[in-house]
Asks: 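Before anything else, here's the structure in question.
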Amino acid sequence: MSSTELTDTGHETVAATPPATRLRMVPLLEVRQSVSERLRIGVYVISLLVAAALSVALLAWSGVAPSDLGREIATTAFSSPRALGSVLVRTAPLVIAGLATAIAFRANFWNIGLEGQMILGAIFASAVAIYDIGPENGRVVTMALAACLGGMLWIAGPGLLKQRLGINEVITTLLLNYVAFNLLLHMVYGPWKDPVSAFPHTEQYETFERLPMLGWLNLNWALPLAVGLALILWWIMSFSRVGYLLDLMSSNARMAGAVGVPVAGLTVAAILGSGAVGGLTGFAISAGVEFRMTQDFFSGYLFSGVLIAFLGRNHPLGVVVVAFFMAVLLLVGQSLQVFFGVPFALVQLIQAIFITCVAASEFFLTYRMHWRQAA
Amino acid sequence: MTDTLALSSVSKSFGGFRALDTVDFVARAGEVHALLGENGAGKSTLMNIACGLYAPDEGHVAIDGKTVRISGARDAAARGIGMVHQHFKLVPAFSVLENIMLFNPGRSPSEVASKAQDLARQMGFEISLSDKAGTLGVAEQQRIEILKVLLAGARIVILDEPTAVLSPEEGRMLMGLVRKLAEAGSAVILVTHKLHEALHHSDRITVMRGGRKISETTPEGMDPASLTTLIVGEQIIEKPQLSKAVGPIEVELENVTLSGESGRKGLVDVSFRVRRGEIYGVAGVSGNGQNELSAAIMGLSFPSSGRIGMNGLGDVSKRGPGYRRRHGLGCIPVDRYSHGLAGRISVTDNYAVNGAMAGAYGGWGYFKRGLAQAAAREAVAAYDVQGVRSLGQRAGLLSGGNAQKLVIAREFEGAPRVVLAHSPSRGLDVRAGAAVHDRLRAARDRGAAVILISDDLDEIMLLSDRIGVLNSGRLTREFKAPAERGDIGAAMVSHE
Amino acid sequence: MSDFLLNWLINIPGFAAPFALAALGLIITERAGVLNLGAEGFMLVGALAGVGAMLNGSAPLLALGGSVVAGMLLGLLFAVMVASLRINHVISGLALVFFAQALVSFIASAERWNNKAIAGLEPVFLGQDVVIFAVPVLTLAVLWLLNKTRFGLSLRAVGENPGAADAAGIDVTAMRFAAIVIGAGLIGLAGGYLTVAVSRIWVDTVVGGRGWIAIALVIFARWHPWRAVLGAVLFGCIEALIPRIAATGADVPRYFLQMTPYLATLGVMIWAALRGSDRWAQPAALGQHHIREERD
């Protein structure tokens, strides 16, 4: 045999030197016909480990020794119930953001407009609060529904353009982020500027306009909302006819249409759902964390949302798990910034390393490599 | 005479699968050598080794008696080997000249242009170098392909299933061209599964089966029956069986007009009726409105005028596929991997979609996978779908014949009253094709109205009770079986 | 009024040039079949490299050279992901933008390059700098490269039908690698021009979505260099107008004015889609990977 074939489990050796032979060997790719669950998990775990190793090395290079890092993580996240509570408070909006992105991705719609939808959600919720719409005892629910409506309105345009005219949604959703951001600035520098402090944010929400506290640690209702949403979506995606049909559509939309699956209807529903949950993310932050709409409350969530959905494999429960670790990372990043003077952008860089490594690992799931002799 | 190209004891494996097993093959200057075999017999693998796309695991390749190692397409071209692929390797957005240039590096456009014109004239046809390749008909595109490999200096010309996309008339012209090439001194290899091409247009025939060379012979003394036996290893001869009981009209097209995609002709005033217990064959050279007709019947595109009636439903021409399927339409689409199956999900999920839409496996809130799996298991057994190791296996892993069986199992599940089958045996070997044909006859015999659209005239002749001919988007002639093959062929290409 | 007009006109080329350069880079990449959503990222690293070089005493033109190199280096990463590892083009592009955003923000704050004024590129003629005059030349060069050279023929073949290119002996991976790196260099230059010639200062938001607008421009221009330059001028007009309207003291809400480039981009995309598709405009294999079929 003059050509050597690598087996399924041999993917790590691909980068190694070709088999010892005097002939020059060139790599030859072959599309994998099937991927075992073990290989899938193995490749995923290895890519996470590689990303983690790179991140630790990067931190060490910026002056945070691995031992310091370990101590920071332990104290920030797990030293006390209160610390864990802070992590969970951070986790809730991240879960919702990840779910918003994952819903759209499941329907093959690249929603890169999470920040715009969050802004519209917060604007709609704030409008309800500022103009005292609806009874006080149901105000917070009205705000949540208004936020969903705002997010849906903001994604409806790109959805329509994609469905009707085939316009690339990556660009339209992203551009609308900038439009929404300017709208937000207009509101907080203009009509909604806080009359008390004259700072560019809305006035504080009344107590009944905030998500109520759970009465345990410093947690409020954002967390049960996020987890409940994840469970509902889990059911829909994994056990309902909708989830089954979405699978069929994402595997072959033409075939699904040909056998009578309402492809357009389901896609539109998923797109609007994604926008609604995006709006809810904005609500969860303004009514659950900041108690007002600030001018940069959304910042970084687009990136986090894509990362959480992607690492969570668009699976609602995966999203919850990844969002938790993301919250730890963000809090540790803040504390490193304070105590080690490390720029917060390093946290973003670590996020980027993770998304790149996991994306790159797909190669090993899609292709098998042979070595073949060159002439 | 020396062997221009000689492959000796060539073997090649993919994964664990031995695609070629110590095969010898020679091509000589001035000869047309036909290479026959079913899909998967190893013809393409052998030819891909000849033109340097694969390296053989064992054995060697010699050109003009000297052993060579061909490193790739460019090297093969430099050594005088040119391959005309079944799926043309043309860039549709490029002009004819640009396409030829692409294959002939290191020459100026004016030089290539004048040589191409000269050569075309020698071969007996005209070309317009500034036309975009994508706007040309298939026969013209094929001529460009041949021209471009000849200009690159090919002395060994491999033609892979060259007549598969041509009308009978175009096919005859191509065979004339092939003979001219051989007379001009080329070694021509004709990869085909059409027996009459091997028998009438070649000097030598090699038959392959299961990765081995079964026989090398000359056309003299061979006939279709003996060749078939060599190719499939046993005799499978299908005979036409006409319908025994024709019932009332089940489906009816009346003056259906539909514009085609991007400037193609589509359908013009197409009318025909199909009765219960009857197979209505739609013959025609591909690209004459078959895809549009198929889409109109499936409900994927709506006619701009005319009506499509289904018994008891009235006009369904503006109804989507879901509605038509709920009321008794079953479809075997032309490309089973694009409209028939979703390759990345399981056999069960592919099978279950009809039942799921009908609510057989629970409502919108809960999809009962267990029920779907049980139904899929039954269907896989009943329709003899082979190669299913588990029902959770991806449908894309099934071979062509078995994938088609799975499509049929799903489409025939509710005993549809109207069946549309578009080129249902395309790409299948003789055995699998015969199995598909049996299913269609069985559907007819239980009383379904079957519409069979096919560009394979043999398939039409074999199955149809009545035959309509689609030419330039119009249904120009109708025949009652048994009809003369020549008459139908003439109607397919006539320009009235 | 004539002052207003003159002031406006003289500023248009400066705002148009980054769009034109980025669009040219995108056209080279996408004509090879690579869907390039990473434009914003290439512009960011180019912009930061320009500022960094200037702050370290480099001449403006040398700083722009640094932008090209920075774009190309990031292009190498993108090329490995898309051409070698054959990762989904959308995911790769997004990951690249995120990576670049984080990287420039990190470097800028680590090196304390934020909010520091730099000297910048000086006008040479008619109030325009040398890069402005280079844009038409570069456009001609790109046209020549794509349409008159063997390299361009191969590059376009790879973008239209990689299978045919492969059969003609063209190395599809290598062509895409080259197209990405060359394109990334031009897009990096576009970013460098933004900081070195226009803003003359670094803030993390300096690129502000112009990479995305450039992507839309290329669709609008149907992958044709001259039409892309025309589109760039249109956007230059809009961008140059915004500060001038604000300066007149007209009562137009500031933040609504700042939305206009993005809304205009959406408008342009809708117009391009409504006008109907030119069958040959979009590279047929855009966003598709090529892998030679291994079996028969």
Side-chain angles (χ1 to χ4, degrees), chain A residues 28-31 58 62 110 112 157-158 161 164-168 170-172 174-190 300 302-303 306-307 310 341-364 366-368 370, chain C residues 35 37 40 77 80-81 84-88 90-110 173 204-205 208-209 211-213 215-216 219 253-266 269-270 272-274 277 289-295:
Chain A
L28 192 67
L29 292 182
E30 182 194 326
V31 179
L58 182 68
S62 340
W110 294 97
I112 313 300
L161 292 176
R164 280 292 152 93
L165 297 175
I167 297 178
N168 186 326
V170 177
I171 303 164
T172 51
L174 195 119
L175 288 170
L176 282 178
N177 288 339
Y178 290 98
V179 177
F181 177 49
N182 279 300
L183 188 62
L184 168 72
L185 291 180
H186 175 78
M187 297 314 283
V188 296
Y189 279 99
L302 163 63
F303 189 173
V306 170
L307 179 61
F310 188 65
V342 176
F344 191 71
L346 200 66
V347 170
Q348 283 186 310
L349 206 51
I350 288 171
Q351 291 183 334
I353 288 171
F354 269 88
I355 205 169
T356 309
C357 284
V358 172
S361 76
E362 305 240 311
F363 170 78
F364 299 105
T366 317
Y367 302 103
R368 184 203 302 275
H370 294 293
Chain C
L35 178 65
L37 295 180
E40 185 85 0
L77 176 69
V80 167
M81 291 173 76
S84 306
L85 294 180
R86 295 169 167 80
I87 301 165
N88 178 303
V90 177
I91 276 288
S92 306
L94 291 177
L96 189 93
V97 173
F98 292 151
F99 180 75
Q101 277 172 349
L103 186 72
V104 295
S105 170
F106 175 66
I107 294 177
S109 65
T173 304
D204 283 358
T205 55
W212 297 100
I213 294 178
I215 295 172
I219 297 170
R254 175 177 165 208
Y255 296 106
F256 285 110
L257 265 183
Q258 287 179 5
M259 287 178 196
T260 47
Y262 310 108
L263 291 173
T265 312
L266 288 170
M269 288 186 84
I270 294 169
L274 281 177
S277 60
H289 296 294
H290 172 64
I291 179 105
R292 194 184 288 161
E293 282 304 322
E294 257 277 73
R295 294 166 197 237

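Per chain, numbering begins at 1; letters A, B, ... match sequence-line order. We use all heavy atoms of the structure for the numbers below, so side chains are in, but hydrogens, waters and symmetry mates are not.
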Asks: Examine whether an atom of A/Ser361 lies under 4.5 Å from a heavy atom of chain C, and if so say whether it belongs to the side chain, the backbone or both; otherwise answer neither.
Replies: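 For A/Ser361, no heavy atom lies under 4.5 Å from chain C.
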Asks: Need one label for A/Phe344: side chain, backbone, both or neither, based on atoms under 4.5 Å from any heavy atom in chain C.
Replies: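 No part of it gets close to chain C.
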Asks: Out of C/Pro253, C/Ala100, C/Gly208, return the one with the most heavy atom pairs under 4.5 angstrom to chain A.
Replies: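 Heavy-atom pair counts peak at C/Gly208.
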Asks: Output the distance between atom CG (A/Asn182) and atom CG (C/Leu257), rounded to the nearest 0.5 Å.
Replies: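 Separation between the atoms: 10.0 Å.
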Asks: About how many Å separate CE of C/Met269 and CG of A/Asn168, when rounded to the nearest 0.5 Å?
Replies: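 These two atoms lie 6.0 Å from each other.
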Asks: Where do A/Phe363 and C/Ser84 come nearest, in terms of heavy atoms and distance?
Replies: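 Nearest pair, atom of A/Phe363 first, then C/Ser84: CE1-O, 4.0 Å.
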Asks: If the condition is side chain to side chain contact (heavy atoms under 4.5 Å, CB included), which residues does C/Gln101 pass it with, not counting sequence neighbours?
Replies: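 Side chain to side chain contact (heavy atoms under 4.5 Å, CB included) list for C/Gln101, sorted by chain: C/Leu44, C/Val97, C/Phe98.
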Asks: Grab the two heavy atoms, one from A/Pro343 and one from C/Ala110, that are nearest each other, plus how far apart they are.
Replies: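 Scanning both residues completely, I find the closest heavy atoms to be CG-N, 4.3 Å.
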Asks: Counting heavy-atom pairs under 4.5 Å to chain C, which of A/Val179, A/Ile355, A/Thr172 comes out on top?
Replies: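 Sorted descending by pairs with chain C, the first entry is A/Val179.
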Asks: Heavy atoms only, distances under 4.5 angstrom: which of C/Ala216, C/Ala95, C/Gly209 has the most pairs with chain A? Name it, please.
Replies: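 Among the listed options, the one with the most contacts to chain A is C/Gly209.
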Asks: In Å, rounded to the nearest 0.5 Å, how long is the span from OG1 of A/Thr366 to NE2 of C/His289?
Replies: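 The distance works out to 8.0 Å.
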Asks: Which pair of non-hydrogen atoms, one from C/Ile87 and one from A/Ala360, has the smallest distance, and what is that distance?
Replies: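 That closest heavy-atom pairing would be CD1-CA, 3.2 Å.
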Asks: Do you know the tightest heavy-atom contact between A/Leu183 and C/Met259?
Replies: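 Of all heavy-atom pairs spanning A/Leu183 and C/Met259, the closest is N-CE, 3.4 Å.
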Asks: For C/Tyr255 and A/His186, take the angle between the two ring planes, folded into 0 to 90°, and tell me which bin it lands in: parallel under 30, tilted 30 to 60, perpendicular over 60.
Replies: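 Judged by the thresholds at 30° and 60°, the geometry between C/Tyr255 and A/His186 is perpendicular.
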Asks: Out of curiosity, C/Leu94 CG to A/Trp110 CH2, how far, rounded to the nearest 0.5 Å?
Replies: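 The distance works out to 7.0 Å.
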Asks: Where does A/Tyr367 contact chain C at under 4.5 Å (heavy atoms): side chain, backbone, both or neither?
Replies: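 Interface part for A/Tyr367: side chain.
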Asks: Can you tell me how far CG of A/Leu165 sits from CD1 of C/Ile270, rounded to the nearest 0.5 angstrom?
Replies: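 Here the rounded value is 7.5 Å.
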Asks: Which region of A/Ile112, side chain (C-beta onward) or backbone (N, CA, C, O), has a non-hydrogen atom less than 4.5 Å from a non-hydrogen atom of chain C, or is it both or neither?
Replies: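 The side chain, not the backbone.
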Asks: Measuring heavy-atom distances to chain C, does A/Val306 have an atom under 4.5 Å in its side chain, in its backbone, in both, or in neither?
Replies: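 Just the side chain, heavy atoms under 4.5 Å.
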Asks: Name the region of C/Leu37, side chain, backbone, both or neither, that has any atom closer than 4.5 Å to a heavy atom of chain A.
Replies: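 The side chain, not the backbone.
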Asks: Show the numbers, then the answer: is there a side chain to side chain contact (heavy atoms under 4.5 Å, CB included) between A/Val170 and C/Trp212?
Replies: CA-CA 9 Å; A/Val170 177; C/Trp212 297 100; 3.7 Å; yes
Asks: Counting only heavy atoms closer than 4.5 Å, note whether A/Leu346 contacts chain C via side chain, backbone, both or neither.
Replies: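 Its backbone and side chain both get close to chain C.
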Asks: Does the side chain of A/Tyr178 reach to within under 4.5 Å of the side chain of C/Pro261, using non-hydrogen atoms?
Replies: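 No, too far: nothing below the 4.5 Å cut-off.
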Asks: Which residues satisfy the side-chain hydrogen bond (donor to acceptor under 3.5 Å, both in side chains) test with A/Glu362, sequence neighbours excluded?
Replies: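 Per chain and number, A/Glu362 pairs via side-chain hydrogen bond (donor to acceptor under 3.5 Å, both in side chains) with A/Arg313.
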Asks: Answer with side chain, backbone, both or neither: which region of A/Ile167 has an atom nearer than 4.5 Å to a non-hydrogen atom of chain C?
Replies: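 A/Ile167 touches chain C through side-chain heavy atoms alone.
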Asks: With only heavy atoms counted, which part of A/Leu176 is less than 4.5 Å from chain C, the side chain, the backbone, both or neither?
Replies: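 Interface part for A/Leu176: side chain.
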Asks: Which answer fits C/Asn88, side chain, backbone, both or neither, if we ask what part of it has an atom under 4.5 Å from a heavy atom of chain A?
Replies: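 Contact with chain A is through the side chain of C/Asn88 alone.
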Asks: Give me the atom names and distance for the closest heavy-atom approach of A/Ala345 to C/Ala102.
Replies: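 So the minimum-distance heavy-atom pair works out to CB-O, 3.8 Å.
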Asks: Quick check on side-chain contact (heavy atoms from CB on, under 4.5 Å): which of A/Leu174, A/Leu175, A/Ile171 does C/Ile215 satisfy it with?
Replies: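 By the side-chain contact (heavy atoms from CB on, under 4.5 Å) criterion, C/Ile215 pairs with just one of A/Leu174, A/Leu175, A/Ile171: A/Ile171.
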